[in-house]
Trainee: 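Supplied in structure tokens, the structure appears directly below.
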Number of protein chains: 2
Amino acid sequence: MIPNNNSRKMFLEIVKQLRKLIHDENIAVGGKLPSERELAERLQVGRSTVREALRSLELLGIIETRRGEGTFLSDFRKHQLVELLSTFILQDVKSKKDVHTTMQALEKDAIRTICMSDVLHKQSIWDAFLDKLQEEVLQEDIIREIIIISNNRLALKIWFLLKQFADEPYRSFMNVEEKKAWKLLLTNLKIGNEQQAISYYNEWKLLTNRGEIK
Amino acid sequence: MIPNNNSRKMFLEIVKQLRKLIHDENIAVGGKLPSERELAERLQVGRSTVREALRSLELLGIIETRRGEGTFLSDFRKHQLVELLSTFILQDVKSKKDVHTTMQALEKDAIRTICMSDVLHKQSIWDAFLDKLQEEVLQEDIIREIIIISNNRLALKIWFLLKQFADEPYRSFMNVEEKKAWKLLLTNLKIGNEQQAISYYNEWKLLTNRGEIK
DNA sequence: AATTACAAAGTGGTCTGACCACTCATAGTT
DNA sequence: AACTATGAGTGGTCAGACCACTTTGTAATT
């Protein structure tokens with residue numbers, strides 16, 4: 001039960017143990033972990049070893065630690081990970097172009113998925129959607145809705161992640177022309193006309209890129 | 001220059017410093033970092049603090065350490081990060097289905113990108129591709145090539161990451177029928193016929209999914 | 001001269017004990 | 001009742017000590 005001693009990376013073992021502990025004790029997001037000193041005693045290792053494991057998890061944003069208070073399980077759908085990915089993983093992806101391209105791939109796929117679904121384009125949600133376009137609406141809000149409806153949570157997560165790297169042409173409100181394109185897009189989405197839907201999507205993209213040169 | 005003292009997370013600062021050091025000293029993948037003791041002295045912090053930073057980067061798979069030898073910058077397109085993501089980040093993405101769907105989205109987009117490119121489908125690389133199909137060839141190898149050609153490094157990275165979660169229907173060799181579909185796919189890719197290319201892609205996917213029920 | 005054997009230096013891995021800075025609950029004061 | 005001071009508990013950091021392991025240089029052997 002205690003593969004403590006020599007040879008291989010104790011602190012990695014502690015990371016495992018911590019994951020187990022979090023699971024076993026059913027510690028919820030925001031919940032408190034035992035103190036470093038207590039963990040050291042319970043796991044029969046030095047405090048520094050426990051700390052190395054904890055610091056690793058902290059850098060990942062899995063836990064959060066507050067001096068004088070303790071260590072807490074954090075909601076890791078936060079920022080840490082994004083920053084890390086940006087500095088290390090994405091470091092050599094020099095052009096923001098890839099980010100935009102990949103986002104558009106996900107967006108288009110959502111549209112296509114919806115079009116090909118027998119169920120989705122029969123629902124009346126699309127009318128509610130069209131109503132939304134009457135009001136002030138953010139670009140990112142409506143495209144996010146589309147991805148949500150396409151029912152691919154993973155794609156949504158990735159899209160969300162990428163959005164934070166993008167130059168944020170998504171944060172602005174739609175103008176009249178954009179809304180016009182979207183109305184046509186939604187209309188075709190409703191009846192499952194993939195070709196036309198994608199076509200209007202591209203048209204919309206051209207409108208939003210009016211400023212950019214890349 | 002030295003925001004050492006009190007208040008905020010020294011070890012996070014060290015992580016930054018290390019990143020800078022790696023960049024400044026132009027340490028390549030596989031290259032050696034200064035020893036922990038030397039780093040401690042150069043950065044004017046205790047060795048344990050340096051270690052906390054190093055251990056974090058190790059858990060991320062950014063560095064690799066060998067006892068008695070030293071610390072090395074590692075090729076982080078390896079495994080660590082994937083395992084972590086699988087246990088923490090992707091924990092609530094229950095269905096493997098999303099993984100497959102998202103991968104296919106990226107794959108299809110690569111195909112579409114290539115078709116729409118004026119340059120790509122005029123090159124003769126496609127003949128070499130067709131030759132490859134004569135030999136034994138892994139499914140993942142050929143689809144990876146496609147994504148590489150589409151020239152979106154970010155998409156490639158994400159695809160690579162996802163592949164490691166997939167049930168690996170990619171690791172097997174192509175059978176005769178699959179090769180047939182791919183030949184047709186490539187032929188259309190060469191002339192930029194998006195419709196047909198995607199169509200044959202879908203056909204291929206049907207062939208590979210013969211075992212699955214989902 | 002070449003090979004082997006051994007010792008030393010250097011490195012990461014871990015533990016211990018000691019402070020510091022901070023938070024919080026509580027006892028004590030007003 | 002409201003406020004204040006104290007102390008216990010917690011994370012943050014450091015220094016020093018071993019240990020296990022690898023590499024390297026040197027001395028002994030062949």
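Just the heavy atoms: all of them, side chains too, but no hydrogens, waters or symmetry mates, feed the values below.
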Trainee: Under the side-chain contact (heavy atoms from CB on, under 4.5 Å) rule, collect the residues that match up with S48(A), sequence neighbours excluded.
Mentor: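 Checked S48(A) against side-chain contact (heavy atoms from CB on, under 4.5 Å); zero matches.
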Trainee: Please enumerate all residues that pass side-chain hydrogen bond (donor to acceptor under 3.5 Å, both in side chains) together with K179(A), with sequence neighbours excluded.
Mentor: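 Partners of K179(A) under the side-chain hydrogen bond (donor to acceptor under 3.5 Å, both in side chains) test: none.
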Trainee: List the residues meeting salt bridge (Lys or Arg N to Asp or Glu O under 4.0 Å) with E64(B), not counting sequence neighbours, and say none if there are none.
Mentor: R66(B)
Trainee: What is the distance, rounded to the nearest whole Å, between atom CG of L43(B) and atom P of dG12(D)?
Mentor: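 Rounded to whole Å, this separation is 19 Å.
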Trainee: Expressed as a whole number of angstroms, how long is the span from E41(A):CD to dT16(C):P?
Mentor: 11 Å
Trainee: Phosphate oxygens OP1/OP2 of dC15(C): is one of them under 4.0 Å from a side-chain N or O of T49(A)?
Mentor: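 Answer yes for this pair, as a side-chain N or O of T49(A) is under 4.0 Å from OP1 or OP2.
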Trainee: Counting only side-chain N and O atoms of R47(A), is one of them less than 4.0 Å from OP1 or OP2 of dG11(D)?
Mentor: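 So the side chain of R47(A) is outside the cut-off, no N or O lying under 4.0 Å from OP1 or OP2 of dG11(D).
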Trainee: Without decimals, in angstroms, what is the distance between I63(A) CD1 and dT10(D) P?
Mentor: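 Value for this atom pair: 15 Å.
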Trainee: Atom CD of E52(A) to atom P of dT13(D): distance rounded to whole Å?
Mentor: 13 Å
Trainee: Suppose we screen for side-chain contact (heavy atoms from CB on, under 4.5 Å). Which residues come up paired with K180(B), at least two apart in sequence or across chains?
Mentor: none
Trainee: If I take atom CG in residue L39(A) and atom P in nucleotide dT10(D), what distance separates them, rounded to the nearest angstrom?
Mentor: 10 Å
Trainee: Without decimals, in angstroms, what is the distance between F72(A) CZ and dT23(C) C1'?
Mentor: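 Going from F72(A) (CZ) to dT23(C) (C1'), I get 10 Å.
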Trainee: Would you say T71(B) reaches dG12(C)'s phosphate, i.e. side-chain N/O to OP1/OP2 under 4.0 Å?
Mentor: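 For T71(B), the contact criterion (side-chain N or O under 4.0 Å from OP1 or OP2 of dG12(C)) is met.
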Trainee: In Å and rounded to the nearest 0.5 Å, what is the CG to NZ distance from N152(B) to K97(A)?
Mentor: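 The CG atom of N152(B) sits 8.0 Å away from the NZ atom of K97(A).
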Trainee: Would you tell me whether D109(A) and S150(A) have side-chain atoms, one donor and one acceptor, within less than 3.5 Å of each other?
Mentor: no
Trainee: Would you say the base of dG12(C) and the side-chain of R51(B) have a donor-acceptor pair closer than 3.5 Å?
Mentor: no
Trainee: Rounded to whole angstrom units, what separation is found between the CD1 atom of I14(A) and the C1' atom of dG13(C)?
Mentor: 13 Å
Trainee: Quick one: side-chain contact (heavy atoms from CB on, under 4.5 Å) partners of R42(A), sequence neighbours excluded?
Mentor: L21(A), E25(A), P34(A), E38(A)
Trainee: Given that K32(B) and G46(A) both sit by DNA chain C, which one's nearest nucleotide is further toward the 5' end?
Mentor: K32(B)
Trainee: Using only side-chain N and O atoms of T65(A), determine if any of them is under 4.0 Å from OP1 or OP2 of dG12(D).
Mentor: yes
Trainee: Between the protein and nucleotides 5-10 of chain C, are there any N/O to N/O pairs under 3.5 Å, and if so, what are the atom names and distances?
Mentor:
unit_1	atom_1	unit_2	atom_2	d
dG10(C)	N2	G68(B)	O	3.2

Trainee: Considering only heavy atoms and no angle criterion, is a donor-acceptor pair shorter than 3.5 Å present between the side chain of R66(B) and the base of dG12(C)?
Mentor: no
Trainee: Rounded to whole angstroms, how far apart are CZ on R37(A) and P on dC15(C)?
Mentor: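 In whole Å, dC15(C) P and R37(A) CZ are 16 Å from each other.
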